[in-house]
Amino acid sequence: MAKRKRRGGTATLAPPSDPPILPGVQSLRRSVPASVELPPYAKTGEPGPSRSPLVRTDDEIARMRRTGAKAAEILMIVGSHVAPGVTTDELDRITHEEALKRNCYPSPLNYRGFPKSVCTSINEVICHGIPDSRPLAEGDIINVDVTVFCEGVHGDTSTTFIAGETDAFSQTLVTETRHALYAGMDALRPGSPVSSIGRAIESHAKIHDLGVVREFIGHGVGTDFHGGLQIPHYYDRRASTRIELGMSFTIEPMLTLGAPDMYMWDDDWTALTVDGRRTAQFEHTMIMAEDGVDVMTVTPAGDCAHDMYR
Ligand code: MF3
Ligand code: CO
Ligand code: CO
């Protein structure tokens with residue numbers, strides 16, 4: 001039998017997360033007042049084809065900085081509520097209200113039919129977890145992925161938070177996934193190929209024997225929630241597009257303790273690891289600038305929820 005190339009993961013060491021995540025009960029759909037500007041898909045659920053150029057104008061960058069700062073603030077506030085006993089529906093309520101307070105639309109709401117205002121992905125859930133009645137347990141790790149739409153542009157950012165105290169495997173997974181994001185960001189200068197991002201992330205993951213999820217990738221972001229650029233978090237030499245000055249995109253690596261293979265629940269959103277081992281994710285929205293990436297999803301003072309792992 002041909003040997004299959006092993007793609008990372010301390011599979012023999014870290015046990016599957018226990019107990020497994022199960023779907024809970026979703027609350028009713030939250031409403032948005034008429035005063036908030038809606039993205040094109042808010043009513044229909046269909047974003048349509050992405051038509052916007054990859055490069056942002058100076059005016060768009062100014063708007064992305066303001067919207068990104070709001071996303072960063074909301075993520076920090078929601079993160080401060082992560083604790084054992086808190087339900088993901090409560091985190092959704094807080095995200096929704098904090099977005100509206102800032103005159104923002106919570107971008108996930110009805111995006112391709114997504115039913116809630118934020119994604120909450122616990123333990124072995126890789127991404128796109130739907131908030132529901134499940135209370136967090138001591139030691140859970142939870143990625144909270146906040147995107148908001150304001151002034152015609154989106155800001156997309158996520159952090160993996162820890163409920164109470166967790167085990168050493170989970171701690172390493174979370175801190176090294178954060179480092180992997182910044183390794184990907186640090187690899188970029190104007191003209192760098194997209195593949196340099198995945199190269200940096202994958203080599204960081206390998207050092208710590210972590211897997212890199214392949215099914216979900218970073219993306220162009222700005223006037224569209226998901227724009228033309230595709231950013232794999234693993235090395236792919238075909239990703240030869242060069243990142244030019246002014247291009248706007250996310251980097252959002254998902255790393256795993258075990259094998260990075262995924263399956264999806266019948267809800268067609270919740271993505272989980274096949275082996276049930278834990279996974280973490282960190283994300284920023286950024287613009288390519290002269291001397292490196294200019295991060296949009298930070299407060300005016302430069303703070304964000306990722307800082308707690310520095
Ligand atoms: N915020 C996610 C991303 O990083 C996308 C969520 S799509 C949703 O790209 F519909 F699930 F909200
Ligand atoms: Co994103
Ligand atoms: Co996101």
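Both ligands and their constituent atoms are indexed starting at 1 by order of listing. Numbering starts at 1 and runs along the sequence shown.
Checked for salt-bridge contact, Glu124 and Arg277 miss the test: no charged N lies under 4.0 Å from a carboxylate O.
The N, O or S atom of Glu283 with the smallest distance to the Co ion (ligand 2) is OE2. The atom of Glu252 that is an N, O or S and sits closest to the Co ion (ligand 2) is OE2. With respect to the Co ion (ligand 2), Asp156 has OD2 as its nearest N, O or S atom.
For atom 12 (F) of ligand 1, the closest non-hydrogen atom on the protein side is Pro108 CB, 3.0 Å. For atom 1 (N) of ligand 1, the nearest non-hydrogen atom of the protein is Asp145 OD2, 3.0 Å. Residue, atom and distance of the protein heavy atom nearest to atom 4 (O) of ligand 1 are Glu252 OE1, 2.7 Å. Taking atom 9 (O) of ligand 1 as the reference point, the nearest protein heavy-atom neighbour is His226 NE2, 2.8 Å. For atom 3 (C) of ligand 1, the closest non-hydrogen atom of the protein is Asp156 OD2, 3.3 Å. Of the protein's non-hydrogen atoms, Tyr111 CD2, 3.8 Å is the one closest to atom 7 (S) of ligand 1.
Put simply, no part of Arg112 is less than 4.0 Å from ligand 1, judged by heavy atoms. Residue Lys116 places every heavy atom at 4.0 Å or more from ligand 1. Assignment of Phe225 to the shell around ligand 1 is supported, since a heavy atom sits closer than 4.0 Å.
Around atom CG of Asp266, no more than 12 heavy atoms belonging to other residues, nucleotides or ligands sit under 6.0 Å away.
The closest donor-acceptor contact from the side chain of Asn123 to the backbone of Ile141 lies under 3.5 Å. Between the side chain of Tyr41 and the backbone N or O of Ser107, at least one donor-acceptor pair lies under 3.5 Å.
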Checklist entry - Please walk me through it: do Glu290 and Arg189 pass salt bridge (Lys or Arg N to Asp or Glu O under 4.0 Å)? => result CA-CA 7 Å; Glu290 290 284 1; Arg189 293 292 178 274; over 6 Å; no
Could you go step by step and tell me if Arg30 and Asp92 meet the salt bridge (Lys or Arg N to Asp or Glu O under 4.0 Å) rule?
-> CA-CA 9 Å; Arg30 297 186 207 283; Asp92 181 72; 2.6 Å; yes
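Residue contacts with ligand 1, taken as heavy atom pairs separated by less than 4.0 Å, involve Cys119 solely via side-chain atoms from C-beta onward.
Here the CG atom belonging to Asp140 is positioned 11.0 Å from the OG1 atom belonging to Thr120, to the nearest 0.5 angstrom. One finds the OG atom of Ser248 at 12.5 Å from the CE atom of Met288 (value rounded to the nearest 0.5 Å). With rounding to the nearest 0.5 Å, the separation of OG1 in Thr166 from CZ in Phe161 is 15.0 Å.
Every N/O-N/O distance between His128 and ligand 1 stays at or above 3.5 Å.
Not one N, O or S atom of His226 sits under 2.8 Å from the Co ion (ligand 2).
In summary, the atoms of ligand 1 found under 4.0 Å from a heavy atom of His219, numbered by their order in the structure, are 3 (C), 4 (O), 9 (O). Near Thr147, meaning under 4.0 Å from one of its heavy atoms, ligand 1 places the atoms 1 (N).
Under a cutoff of 6.0 Å and an axis angle of 45°, Arg178 and Tyr182 form a cation-pi pair.
Tyr309 has its ring centre less than 6.0 Å from the ring centre of Phe282.
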